[in-house]
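Here is how names work: the chains are called A, B, and so on, in the same order as the sequence lines, proteins then strands, and each is numbered from 1. Model, not experiment: these values are computed from the prediction.
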2 protein chains.
Amino acid sequence: MKLSKQFPLNALRVFEAVARLGSFTRAGHELGMTQTAVSYQIKLLEENIGAPLFLRMPRQIELTEAGEHLAPRVSEAFAILVEAMASMRKTTEETLTIHSTATFAQQWLSRYLGSFQLEFPHIAVRLVTSGHIVDFQKEAADVAIRWGRGDWPGLISHRIMKLDFAPMLSPKLAAEIGGVHEPEDLLKLALISAGDPWWAQWFAAAGVKDPDLSRYPKSEFGTQILDASIAIAGGGVAMLNPGHFQDDVAAGRLYQPFELTGSDGRDYWLAYPENRRNVPKIRNFRKWLLEKFDVQQA
Amino acid sequence: MKLSKQFPLNALRVFEAVARLGSFTRAGHELGMTQTAVSYQIKLLEENIGAPLFLRMPRQIELTEAGEHLAPRVSEAFAILVEAMASMRKTTEETLTIHSTATFAQQWLSRYLGSFQLEFPHIAVRLVTSGHIVDFQKEAADVAIRWGRGDWPGLISHRIMKLDFAPMLSPKLAAEIGGVHEPEDLLKLALISAGDPWWAQWFAAAGVKDPDLSRYPKSEFGTQILDASIAIAGGGVAMLNPGHFQDDVAAGRLYQPFELTGSDGRDYWLAYPENRRNVPKIRNFRKWLLEKFDVQQA
DNA sequence: TGCATCCATAAAGAGAACTTATCCATGAAA
DNA sequence: TTTCATGGATAAGTTCTCTTTATGGATGCA
């Protein structure tokens, strides 16, 4: 179906109002234009069709046969458009799409999102976890939780969590080797995702010279969640973000032998497009999230 | 349902084309506008909705979830509008509404209209007979057959038949009184619609002095058809337009004793609004009608 | 590496649509 | 009957949306 540029959409909109209100003047009033403009549009439409749509009586107008035929179809079509646009606006206003790293989603969001829903029951949340960094141009995302340096152009970023890391293992495994007292003790155990640069960085910070990490398998699992699962199962020592695994530590599933944490200068950030900072659902989410992390807000 | 002036109808039209063709450039081409204009309209719509409708990939675009949701509704609505307008145009282009006097409709149009339908099979004819003079402003009429002086402002008028009149009666009735030889003979018979000024006018033209028409009943029947029926039934002499009753004369039902006809300067005219003279159905009807009456055409 | 394709942006221009001012016709009220 | 209020039509001038022109950036293809 082709809709040429000269299809009189505006005139039809005006016609709909006039047909419904039975008056040029009233229609103009509703549409926020003068009676003259209404008259002009109706004339345009009548010329386009080639037949009068209204009978001009002294102090009133009446639909002609043609107008009587056209009116219901026009209002039906416009009703569909209005309804479609309304539902569109509603869903975009009321569903918040969060892109997040898998780890953050699982270890943090999944636990606390409930309180957000309670606080903002009319906002539906769609949580999308993806490995790659979100491009707001290309994905229908409202906000993203990323890690990095927070210097993304066009985005507003709030640091929500320091991304530091420390070795963690199951208390049982630690006991098996008579406890972990010195950083070097860790080298007796399997290092999970040993290829991760965080290992070398942490050992360097701990003053361990030449830990020879090359003798461990180089496999990497990509998400801390997996590393953590292995560690909890006693499969070795994982390099994890303590902030994410406080619960497991508290429950005795994981044990962090050293306070020392490493950091590569990258942290967790909440980010969203600068030009959408005032969209209510985004503002609400930002406020809620930053409060949870006790971040000073502007 | 209210459709405010800023409801983005144009943008929706553009959106429909883009969604269907999958390209700003192609949509612009179809709509007869540049890619830039399409881009502008889509952006407008996206701002109005508050969510992107297309994912901008390097060399292609893709509907977002939102766009995917909106597109079918929009095309449905526009399909209804297009269909309604098309059927509207079609019926107004293809049905010709003729307003006519009852006499002309019955005595002339009803007999010859068939040949018009044969010649223009795609034009449907609606024939409306009405006593009052048609106001093209107030009635959905395309053409009118009227009698008068042809000097109606805003209308184009073609004289199609002289409106003259002559006494007519049934041959049988004429024989009963030994034939009608002199105008005075008519006064022996009942004069139908004797109050009609045409009687006085005709007798004056015939040189009959003081016919004393007041002794006849003053009843008038309004249409020549009725007068004619009475005359055919032998109920008296009627003052009729010979042009309308040629067939009855030929068939021996009526008899016109004198060649002399009266006229009050008013004739039958085909009339239609000046500004619609080039509407095809009107042009076709005018040509056909004037040919039937051998009228010189411009 | 160069060319073609496709969309985005900025600035300037065109033209449709709107407003102001005025008129006309009619019905109701004085 | 005259006057006033209502509702629409018309003409001319103006506004402002939409469009185009010009340009740039990104990507895929040869």
Atom-to-atom span, [atom1] of [X] to [atom2] of [N] - whole angstrom:
X: Met57(A); N: dA9(D); atom1: CE; atom2: C1'; answer: 17 Å
X: Tyr40(A); N: dA17(C); atom1: OH; atom2: P; answer: 5 Å
X: Met33(A); N: dT15(D); atom1: CE; atom2: C1'; answer: 14 Å
X: Gln60(B); N: dA26(D); atom1: CD; atom2: P; answer: 18 Å
X: Gln35(B); N: dA8(C); atom1: CD; atom2: P; answer: 7 Å
X: Glu47(A); N: dA16(C); atom1: CD; atom2: P; answer: 13 Å
X: Ile42(A); N: dA17(C); atom1: CD1; atom2: P; answer: 13 Å
X: Leu9(B); N: dA16(C); atom1: CG; atom2: C1'; answer: 16 Å

> Aromatic ring centroids of Phe24(A) and Tyr40(A) under 6.0 Å?
Replying inline: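 For Phe24(A) and Tyr40(A), the ring centres are not under 6.0 Å apart.
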
>> Please confirm whether the ring centroid of His99(B) lies under 6.0 Å from the ring centroid of Tyr272(B).
In response: no

Tell me which nucleotide among [options] gets nearest to the side chain of [X].
X: Arg59(A); options: dT19(D), dT26(C), dT21(D); value: dT26(C)
X: Thr36(B); options: dC18(D), dA17(C), dT9(C); value: dT9(C)
X: Ile61(B); options: dC7(C), dT26(C), dT20(C); value: dC7(C)
X: Ser39(B); options: dG8(D), dC18(D), dT9(C); value: dT9(C)
X: Ala37(B); options: dC18(D), dT20(D), dC18(C); value: dT20(D)

[X] vs [N]: side-chain N/O to OP1/OP2 distance below 4.0 Å:
X: Lys43(A); N: dT10(D); value: yes
X: Thr34(B); N: dT20(D); value: yes
X: Ser23(A); N: dG8(D); value: yes

>> Determine whether a donor-acceptor pair (one donor, one acceptor, N or O, separation below 3.5 Å) exists between the side chain of Thr25(B) and the base of dT5(C).
In response: no

Does any part of the side chain of [Y], heavy atoms only, come nearer than 4.5 Å to the side chain of [X], both counted from C-beta?
X: Glu46(A); Y: Ile42(A); answer: yes
X: Leu12(A); Y: Leu81(B); answer: yes
X: Tyr268(B); Y: Ile145(B); answer: yes

> Which part of the nucleic acid, if any, lies within reach of Leu31(B) when heavy atoms closer than 4.0 Å are counted: base, sugar-phosphate only, or nothing?
Replying inline: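 The residue Leu31(B) makes no contact with any strand.
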
